[in-house]
Amino acid sequence: MILAVLLFFLIVLSWQDYKEQMIYNIIPITGCIIGLICNYFAGNFNNAFIGLCFGFAVLFAIYFAILKIKKIEGIGFGDVLVCAMIGAFLGFNELYLSLCFGFCLGFLFCLISKKKKVALIPFFTFGVIVTQLLGVFYEIHLFNFG
């Protein structure tokens, strides 16, 4: 159930990011709240809260570093909020794998297509899907905060 709600949010945000190259911040903020509430009732609140904080901190550091070094917005702040939302739904265990897969898929796409600017949220969505499929088949969990 929690995964279905997350995928709904991610599909809507992916489409919006692909079409408009921007997202409305209210959607991932609402998703963060819903993800934390769902995980609270599922008894997995600690992992979800750590995932939210980790997701926000990692992408905010990247966002801030690009902004200060290159003086441009390399990734959008909406991407930072979406990463926090994914962490709120999946928790830390699956978040870092989802980010790794998402960034790798996005990097490969940029290399193959030779594009310099792409929507990042669709790659996060594919990263979540790949992580969930691997989790179903292989039960990959390196850390346990739950």
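Any value given below was found using the heavy atoms of this structure, including those in side chains, with hydrogens, waters and symmetry copies removed. Nothing fancy with the numbering, it's 1 onward along the sequence.
N39 places a side-chain N or O within 3.5 Å of a backbone atom of G35 that can act as its donor or acceptor partner. Side-chain atoms of D79 come within 3.5 Å of backbone N or O of G76 as a donor-acceptor pair. The backbone N or O of F92 lies less than 3.5 Å from a partner atom in the side chain of N47, making a donor-acceptor pair.
Taking OG1 of T30 as the start and OH of Y24 as the end, the distance is 14.5 Å to the nearest 0.5 Å. For the atom pair CG of L134 and OG of S98, the computed distance is 9.5 Å after rounding to the nearest 0.5 Å. Note that CD of Q132 and CG of L97 are 10.0 Å apart. Values are rounded to the nearest 0.5 Å. Put simply, CD on E94 and CG on L6 are 10.5 Å apart, with the number rounded to the nearest 0.5 Å. Atoms CD1 and OG1, on I86 and T125 in that order, are 6.5 Å from each other to the nearest 0.5 Å. To the nearest 0.5 Å, the span separating CZ on F89 from CG on L36 amounts to 9.0 Å.
Residues F124 and V128 have side chains not in contact (no heavy-atom distance under 4.5 Å, counting atoms from C-beta outward). Looking at L95 and C83, their side chains come closer than 4.5 Å, going by heavy atoms from C-beta outward. Residues I129 and L7 have side chains in contact (heavy-atom distance under 4.5 Å, counting atoms from C-beta outward). Within the 4.5 Å cutoff, the side chain of I29 has no heavy atoms near those of the M85 side chain. Residues M22 and Q16 have side chains not in contact (no heavy-atom distance under 4.5 Å, counting atoms from C-beta outward). A heavy-atom distance below 4.5 Å is not found between the side chains of I23 and L81.
Under the 4.5 Å side-chain heavy-atom criterion for Ile, Leu, Val, Met, Phe, Trp and Tyr, I33 and Y40 are members of the same hydrophobic cluster. Transitive grouping of hydrophobic side chains (ILVMFWY, heavy atoms separated by less than 4.5 Å) keeps I112 and F101 in distinct clusters. V80 and I66 fall within a single hydrophobic cluster, where Ile, Leu, Val, Met, Phe, Trp and Tyr are joined by side-chain heavy atoms under 4.5 Å apart, directly or via other members. Under the 4.5 Å side-chain heavy-atom criterion for grouping Ile, Leu, Val, Met, Phe, Trp and Tyr, I11 is not connected to I27 through any hydrophobic cluster.
When hydrophobic side chains of Ile, Leu, Val, Met, Phe, Trp and Tyr are connected at separations under 4.5 Å, F126 ends up clustered with L105, F109, V118, F123.
Across every non-hydrogen atom of I2 and A42, the tightest pair is CD1-CB, 4.2 Å. Considering every non-hydrogen atom in both C32 and A84, the closest pair reads SG-C, 3.8 Å. Residue D17 comes nearest to I121 through the heavy atom pair OD2-N, 3.2 Å, listed as atom of the first residue, atom of the second, then distance. Summarising the geometry of P28 relative to N25, their closest heavy-atom pair is CD-O, 3.2 Å, with the distance given to 0.1 Å. Taking each heavy atom of P122 and S14 in turn, the nearest pair found is CA-OG, 3.5 Å.
Remark: F9 CZ is packed, more than 12 non-hydrogen atoms of other residues, nucleotides or ligands lying under 6.0 Å away.
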Q: Dump the intermediate steps for side-chain contact (heavy atoms from CB on, under 4.5 Å) on L111 and F107, then the final yes or no.
A: CA-CA 6 Å; L111 283 178; F107 181 71; 3.3 Å; yes
(Q) For I75 and L120: C-alpha separation, side-chain torsions, deciding distance, then whether side-chain contact (heavy atoms from CB on, under 4.5 Å) applies. (A) CA-CA 8 Å; I75 60 172; L120 193 55; 4.0 Å; yes
Which atom pairs, one a donor and one an acceptor, fall under 3.5 Å between side chains of residues 52-65 and the rest of the protein, sequence neighbours left out?
| residue | atom | partner | partner atom | Å |
| --- | --- | --- | --- | --- |
| Y63 | OH | E73 | OE2 | 2.9 |

